[in-house]
Asks: 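Below: one structure in structure tokens.
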Amino acid sequence: MPELPEVEAVRRELAPAMRGARFRRVIVRRAGLRTLFPDRFAARLRGRTVRGLVRRGKYLLADLSSGETLLMHLGMSGSFQVDHPAPGRVSIGVAKDVGDAHDHVVFQMSSGATITFNDPRRFGVMDLVPSAALDQHAALGAMGPEPLSRDFEPQALARVCAGRRAPIKVALLDQRVVAGLGNIYVSEALHLAHLSPRRPASRMARPSGTPRESAVHLVRAIKTTLERAIERQQNPRYRSARFRVYDREGQPCVTTGCDGAIKRITQAGRSTFYCPVCQTG
DNA sequence: ATTGAGACCTGTCGGC
DNA sequence: TGCCGACAGGTCTCAA
């Protein structure tokens with residue numbers, strides 16, 4: 001589930017348990033995670049205080065008192081569970097010893113919270129990097145603008161898309177173009193913008209380099225899509241709300257006055273869902 | 001330089 | 001019920 005809105009929801013849940021708290025104990029249940037844990041991962045965390053927890057794209061970054069940053073990525077199937085001590089119960093300071101087979105890392109915080117990282121598919125990442133060198137990190141350093149920031153505007157989108165022959169759907173999945181979008185919300189935003197996923201990315205800009213109307217619409221649609229999704233994350237009732245197009249092959253388009261049916265195609269090896277009737281821009 | 005394919009892992013679901 | 005292939009919300013590396 002983790003694209004930007006889901007990662008942001010995780011951040012908001014983790015922050016109260018982590019910010020200002022120390023790592024009392026760190027348990028790495030599964031060494032040799034695909035994610036190349038640095039040596040002595042647990043030892044380097046123990047005793048450190050989390051000064052802040054921010055999100056960058058799909059990454060969570062915990063700023064540590066040691067001058068390092070704990071970098072976390074949920075991959076395809078990662079999740080965190082936060083357990084707070086039951087009120088009135090004395091914490092005995094023992095890690096929960098029975099856990100899911102895919103509970104890979106457990107943080108016991110001085111706040112009393114126990115934070116468990118679970119990731120069946122093990123595409124997730126945990127790493128420690130010097131805070132001063134974050135911009136040299138291969139993924140973070142090259143990452144595009146935060147879509148909900150002012151930096152993400154039509155001009156910027158048109159510029160990074162210039163010269164790209166790949167379809168806009170594929171370009172938007174590239175984290176260097178814009179940060180945090182994944183396969184679901186790219187389809188969702190393109191539908192909201194009434195743009196075809198097959199449209200060449202380069203056509204966000206005119207030959208002169210100035211952004212076309214489509215870039216304006218797309219930027220707006222991406223922001224709206226993500227803002228709504230983040231809001232939805234806040235209300236458990238709506239978390240499972242259906243998407244506009246994602247995973248709705250053959251079902252009717254939700255655009256007012258459109259009688260199209262959602263189609264599914266493959267682009268760069270991944271499913272794209274769109275309405276061939278109203279996404280013609 | 002850009003792009004697509006394959007790889008990384010495990011779980012789930014539909015079809016036979 | 002059991003087996004098997006297709007597929008899954010991410011990203012990296014490699015070859016063309």
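Being a predicted model, the structure only gives us computed values, none of them experimental. Throughout, protein chains are lettered first and strands after them, A, B, ... in sequence-line order, and every chain is numbered starting at 1. Below, each value reflects all heavy atoms present in this structure, side chains not excepted, and no hydrogens, waters or symmetry copies.
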Asks: Ignoring hydrogens and geometry, is there a side-chain-to-backbone donor-acceptor pair from A/Arg212 to A/Arg203 under 3.5 Å?
Replies: yes
Asks: Return yes if some donor-acceptor pair links the side-chain N/O of A/Lys169 with the main-chain N/O of A/Arg198 below 3.5 Å, else return no.
Replies: no
Asks: Expressed as a whole number of angstroms, how long is the span from A/Arg164:CZ to B/dG4:P?
Replies: 11 Å
Asks: Expressed as a whole number of angstroms, how long is the span from A/Asp119:CG to C/dA8:P?
Replies: 18 Å
Asks: If you compare every side-chain N and O of A/Tyr185 against the phosphate oxygens of C/dG9 (OP1, OP2), does one of them come in below 4.0 Å?
Replies: no
Asks: Which part of the nucleic acid, if any, lies within reach of A/Arg264 when heavy atoms closer than 4.0 Å are counted: base, sugar-phosphate only, or nothing?
Replies: sugar-phosphate
Asks: Output yes when a side-chain donor or acceptor of A/Gln175 lies under 3.5 Å from a complementary backbone atom of A/Leu173, and no otherwise.
Replies: yes
Asks: Would you say a side-chain N or O of A/Ser77 is under 4.0 Å from OP1 or OP2 of B/dG11?
Replies: no
Asks: Any carboxylate oxygen within less than 4.0 angstrom of a Lys/Arg side-chain nitrogen, looking at A/Glu8 and A/Arg11?
Replies: yes
Asks: Table please: side-chain donor-acceptor pairs of residues 250-263 of chain A below 3.5 Å, with sequence neighbours left out.
Replies:
residue	atom	partner	partner atom	Å
A/Gln251	OE1	A/Arg248	NE	3.3
A/Thr255	OG1	A/His191	NE2	3.4

Asks: Determine whether a donor-acceptor pair (N or O, by modelled atom type, separation under 3.5 Å) exists between the side chain of A/Glu188 and the backbone of A/Thr225.
Replies: no
Asks: Distance check needed: C/dA8 C1' versus A/Phe243 CZ, whole Å only.
Replies: 13 Å
Asks: I want to verify a distance call: between B/dG4, C/dG10, C/dC12, whose nearest atom is closest to the A/His73 side chain?
Replies: C/dG10
Asks: Can you tell me which nucleotide in C/dC12, C/dG10, B/dG11 comes closest to the side chain of A/Pro120?
Replies: B/dG11
Asks: Taking only Watson-Crick and G-U wobble pairs with both distances under 3.5 Å, what dot-bracket line describes DNA chain B, where [ ] shows pairs that cross earlier ones and | shows pairs with another strand?
Replies: .|||||||.|||||||
Asks: Is A/Arg270 near enough to B/dG4 that one of its side-chain N or O atoms lies under 4.0 angstrom from OP1 or OP2?
Replies: no
Asks: Distance check, P atoms only: C/dA6 and B/dG6, in whole angstrom units.
Replies: 13 Å
Asks: For A/Phe123 and C/dT11, say yes or no: do the ring centres fall under 5.5 Å of each other while the ring planes differ by less than 30°?
Replies: no
Asks: Answer yes or no: does a side-chain N or O of A/Lys58 lie under 4.0 Å from OP1 or OP2 of C/dG9?
Replies: no
Asks: Please state whether the phosphate of C/dG10, meaning OP1 or OP2, lies under 4.0 angstrom from any side-chain nitrogen or oxygen of A/Gln175.
Replies: no
Asks: Classify A/Ala138 by what it touches in the nucleic acid, base, sugar-phosphate, or nothing, heavy-atom distance under 4.0 Å.
Replies: nothing
Asks: Examine B/dC8: is either OP1 or OP2 under 4.0 Å from a nitrogen or oxygen in the side chain of A/Arg122? Give yes or no.
Replies: no
Asks: Angle class for the A/Phe80/A/Phe117 ring planes (parallel below 30°, perpendicular above 60°, tilted otherwise)?
Replies: tilted
Asks: Measure the distance from NE2 on A/His104 to P on B/dT10 and round it to the nearest whole Å.
Replies: 9 Å
Asks: Take atom CZ of A/Arg121 and atom P of B/dT10, then tell me their distance rounded to the nearest Å.
Replies: 11 Å
Asks: Transitive ILVMFWY cluster of A/Ile265 at side-chain heavy atoms under 4.5 Å: who else is in it?
Replies: A/Tyr274
Asks: Please confirm whether the shortest side-chain N or O distance from A/His102 to OP1 or OP2 of B/dG11 is below 4.0 Å.
Replies: yes
Asks: From the set C/dG9, B/dT3, C/dC12, return the single nucleotide nearest to any side-chain atom of A/Ala166.
Replies: B/dT3
Asks: Measure the distance from CE on A/Met76 to P on C/dG9 and round it to the nearest whole Å.
Replies: 5 Å
Asks: Taking only the C1' atom of each, what is the distance from B/dT3 to C/dG9 in whole angstrom?
Replies: 22 Å
Asks: Does A/Glu3 use its side chain to pair, donor to acceptor, with the backbone of A/Ile184 at less than 3.5 Å?
Replies: yes
Asks: Grab the CG-P distance between A/Asn118 and B/dT10 for me, whole Å please.
Replies: 13 Å
Asks: Check the distance between B/dT3's P and A/Arg165's CZ and give it to me in whole angstrom.
Replies: 7 Å
Asks: Provide the distance between the two P atoms, one in C/dT11 and one in B/dT12, to the nearest whole Å.
Replies: 23 Å
